Amino acid sequence: MIHFHNVSKHYDNQTALRNINFSIEKGEMVFITGPSGSGKTTLLKLIYLAEKPDEGNISIAGWETNQLRESSIPFLRRNIGVVFQDYRLLSNRNIFENVAIALMIRGVNDKEVKTRVLDSLKTVNLRHRVNSYPKALSGGEQQRIVIARAIVAEPTVVLADEPTGNLDPDTAAGIIRLFKEINLKGITIIVATHNRELFRNTCKRVIRLDNGNLVGEEVG
Amino acid sequence: MIHFHNVSKHYDNQTALRNINFSIEKGEMVFITGPSGSGKTTLLKLIYLAEKPDEGNISIAGWETNQLRESSIPFLRRNIGVVFQDYRLLSNRNIFENVAIALMIRGVNDKEVKTRVLDSLKTVNLRHRVNSYPKALSGGEQQRIVIARAIVAEPTVVLADEPTGNLDPDTAAGIIRLFKEINLKGITIIVATHNRELFRNTCKRVIRLDNGNLVGEEVG
Amino acid sequence: MAAPYAFRFAFQSVLREKWINLLSTLTIATGLLIITFAVFSVYNIDAATKKLPEKFFMMLYLEDNLHGQGLENVINTLRKDNAVETVRYISREDALKELKGTLKDANYVLEGLGENPLPDSIELKLKKEAVSPETAKRLATDAKKIKGVNEVEYGEKFLSSIHSIKVGLKIIVLTLIIITSAGIIFVCYSTVKILFYRRTDEIETYKLLGATRGFVRAPFIIEGALIGTAGGLLSLIGIISFYYMVLLKLSLTIPLFKAILFPTNIFLLLPVTGLFLGITGATIALGRLRF
Amino acid sequence: MAAPYAFRFAFQSVLREKWINLLSTLTIATGLLIITFAVFSVYNIDAATKKLPEKFFMMLYLEDNLHGQGLENVINTLRKDNAVETVRYISREDALKELKGTLKDANYVLEGLGENPLPDSIELKLKKEAVSPETAKRLATDAKKIKGVNEVEYGEKFLSSIHSIKVGLKIIVLTLIIITSAGIIFVCYSTVKILFYRRTDEIETYKLLGATRGFVRAPFIIEGALIGTAGGLLSLIGIISFYYMVLLKLSLTIPLFKAILFPTNIFLLLPVTGLFLGITGATIALGRLRF
Ligand SMILES: Nc1ncnc2c1ncn2[C@@H]1O[C@H](COP(=O)(O)OP(=O)(O)OP(=O)(O)O)[C@@H](O)[C@H]1O
Ligand SMILES: Nc1ncnc2c1ncn2[C@@H]1O[C@H](COP(=O)(O)OP(=O)(O)OP(=O)(O)O)[C@@H](O)[C@H]1O
Ligand SMILES: [Mg+2]
Ligand SMILES: [Mg+2]
């Protein structure tokens, strides 16, 4: 499903990733961990094509990303649901619309949008805040909206970047349980997190980054 | 130093805090914990006067906040360093300027600004990123900048709202150690967090909120 | 299809930022109103100066007692000239009558006159487009060569000053209108552009969620179109109320205003211009979208 | 003191968002340029029409053989009138000379004349500000009552048409300039306002960090002042280049342009107007700051 071959990524005078090799198969659930600034977000960005690798090849669902035409990028992204570390909620749209937009982009009709958005908000326990604006939500509530938006369109891959940074342990555990359920339906899930609690005893693969290097793999 | 007397805060149709009473003495270090949406951020906002209580009284350093003239608010805020949960970094200014602004506002001269900002960036291990812009930093790096900005002006109170949500356990522990050091100098520190690891074995007061109610106090 | 969402998004966006959108709309309206006034002034100045050449004529004084064949010969030769519009024969008697009319209250100066001292003459009018100092000079030289023509007279100074007023006014007014219009169009465009800038975050989010170029662009362009058209309609309302509330009332008391031409149908172009401005501004503000 | 920071912040902000700031600057410059052209046109039209009343005069025809005391009496009575500027006595001999000059080539009509048929007369010029159909009528009636005055003549029609042209032009031009200036000033203000809106987040952050109102406002207002002044200077450069590159060159070939008045020193107001616009726009855009 996802293959990194000798991938490196440099920013100006900063090396974010160095010679990374790994594969993730369809239906897998994988954790990526490492200290602050180790390259977790960069690795996810390479997958959802927000950044291009400086060296090496990445293939996603059989596509070589560096041979992809620019106009196909949106369609590839529609198979990926992303929980952005910085949320990327639209401050001028309410919660319903923020989640609905993921479906609207895919051309889903109004009626289906409504039921699916409300379902998705229910899974993150925020159905009652459907008409609020992002600013009126607590940090953790905002984070759960982002999670709802990432899964509402039932993508084939979910990338979650520090999805529980603002959630208390119980809510966080609930989110991981949710990811596991989705994973059981065959959806590939990649979670970048520094929180060891999340992958402890999950029996899932954990890829460990440090300072841009892949330093090891274990089972959580 | 900080006294809450029967304080309640309601948003539109949402009760964020209900009948809260507590006192924090000068030089204390206190944790506030509770699940997502329990009112931690709201409580801190009442202290730094970003919100007004709907009922009850709050006194800070001897000032009754509801009797405070609006023009004195900036001067009261200058005694408080805040780590905002949503960072509030200025995207059009580089890291140096983002931290320096806390000193500029207080009228510190250029030379002192420079040494103090660099010192402060060193404590959060980001001195080398002094010329970067917030967007070029990882989530955890941004969070550390916010911490640097909160402490750079050596305020008498530090309010930290989920200051380690994007930090790995080692870095997070480092930040708590930093807060403890500052606290030893007599600075009052209030940390709102859902992360139990932070206050475990600190021997500090922990105030527990749930759904807007103060449900208990313990020692971490 | 993305179209219905695009319209909904655009309308929502217009409503949510209503104050700043209203400001842009008013800016565009004002801009178009000013252009319209400028065009309207040019139109009227042009109409007014167009009539000036009609007042120009040349006088040919004929030899005494030129009749029949000789006179016809002169008239026909003149008619053949491309620059000539009308040829009018004025007998010495008619000329005296005209002179008396011109002198009016002072015509007792002619009372002592025994015999009519005036010659027969021919009044030439030139074609409007041919009226110019050069043509008049050429024609005068030619006419003098015709047998039977004694002398040619025309307001040489009058003509050249009229000519320079016409050309001068045209240059001034055209310069002004070109500068003004270019300026106003730039101002409107820049307003729309400033209005849409700093939406990069919003656009970036749409793209990362998998939106196509069309999906991202459509709401912004529709919003620009709405703002532009609204501005155009407002300016149309403005110009029509100006007509009914100012011009029409003034023309009742001051006759000069009756002469002002007001081509209302042309002003229907305003909403279209607004639409064009809005769309162009938004499109250029969005720039090239890269994924 | 916050002042040095304020300036530094403002300059940095101008540089960082240079394109959009440049756009606003150009917008203001264009706006001011257009106002200047408008004012400049009014100024010239006004100057041109001011000379029209100078051409107006009234003729008083006197009784035959009015000399000495009688003539002096008439002249003194006229001089006492407030509306009168000059009183010129024209003897019948001078009048004939003038008529001959006017008829020019056609003055052979006077050849048959034996005795001079013209009367003595007085030419009255009115004070510029007094020239109006009403005053002329009143003066004519008064003058007729003076002993020795036979008849009063003046271009009644000429006067009233000149008058309506003057009043009409003034109304049109003043309406246009008021509308245009109000419009342009609004446009400039709205540009600055749109430029500064959506900075609420930045302002909120400053406030939460403990900044006073002055600290928050100063950089924005200085930035507005910079943009406004730059716009004003640009328009000044524009107007001066227009003068040297267009007007001066045209006046060499087309004499009419020599008559155009160009009050360069007034245009020095432009940067000040720009400054004022920038500051006002920014101040209003910031609104009331609450903590
Ligand atoms: N746009 C950029 N320009 C320059 N450097 C960047 C940019 N984005 C990221 N970096 C740097 O690349 C390194 C890796 O960043 P990345 O965001 O991948 O870290 P991370 O593992 O997600 O960290 P965190 O846990 O703090 O979010 C960091 O040092 C960061 O400062
Ligand atoms: N501006 C607002 N308008 C309406 N409701 C609000 C507003 N701000 C906060 N709330 C609500 O008040 C409640 C308490 O919010 P608060 O931000 O204090 O929670 P929190 O304890 O900080 O949560 P988290 O750990 O998720 O940050 C939440 O239910 C939130 O939705
Ligand atoms: Mg990250
Ligand atoms: Mg919070």
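All values reported here derive from a predicted model rather than from experimental measurement. Letters A, B, ... are given to chains in the order of the sequence lines, protein chains preceding strands, and every chain is numbered from 1.
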Applying side-chain contact (heavy atoms from CB on, under 4.5 Å) to D110(B) and R8(D), what does each step give before you reach the verdict?
CA-CA 12 Å; D110(B) 275 19; R8(D) 210 184 307 158; 2.8 Å; yes
Does any heavy atom of chain D fall under 4.5 Å from the side chain of N79(B), the backbone, both, or neither of them?
neither
Considering residues, nucleotides and ligands other than H3(B), do more than 12 of their heavy atoms fall under 6.0 Å from its NE2?
yes
Residues 9-20 of chain D vs chain B, non-hydrogen distance cutoff under 4.5 Å, contacting residues -> F9(D), Q12(D), R16(D)
Measure the shortest side-chain to side-chain distance between L209(D) and F84(B) over non-hydrogen atoms and say whether it is less than 4.5 angstrom.
yes
With chain D as the partner chain, list the residues of residues 25-53 of chain B whose heavy atoms fall under 4.5 Å from it, by residue number, and write 'none' if nothing qualifies.
Y48(B), A50(B)
Chi angles and distances behind the side-chain contact (heavy atoms from CB on, under 4.5 Å) call for K207(D), I73(B):
CA-CA 9 Å; K207(D) 289 194 297 191; I73(B) 292 179; over 6 Å; no
T212(D) side, atom OG1; R78(B) side, atom CZ - distance, nearest 0.5 Å:
5.5 Å
For L208(D) and R77(B), which heavy atoms make the closest approach, and how far apart are they?
O-CD, 3.6 Å
Within 6.0 angstrom of Y133(B) OH, more than 12 heavy atoms from elsewhere:
yes
Select, from L89(B), V108(B), I101(B), N109(B), the one with the greatest count of heavy-atom pairs under 4.5 Å involving chain D.
I101(B)
Who among D201(D), T205(D), V216(D) has the most heavy-atom pairs with chain B under 4.5 Å?
T205(D)
Is a salt bridge present between E70(B) and R213(D), judged by a nitrogen-to-oxygen distance below 4.0 Å?
yes
By a 4.5 Å heavy-atom criterion (distance strictly below it), what part of R93(B) contacts chain D: side chain, backbone, both, or neither?
both
Taking all atoms of both residues into account, what is the closest heavy-atom pair of M104(B) and F215(D), and its distance?
O-CE1, 3.6 Å
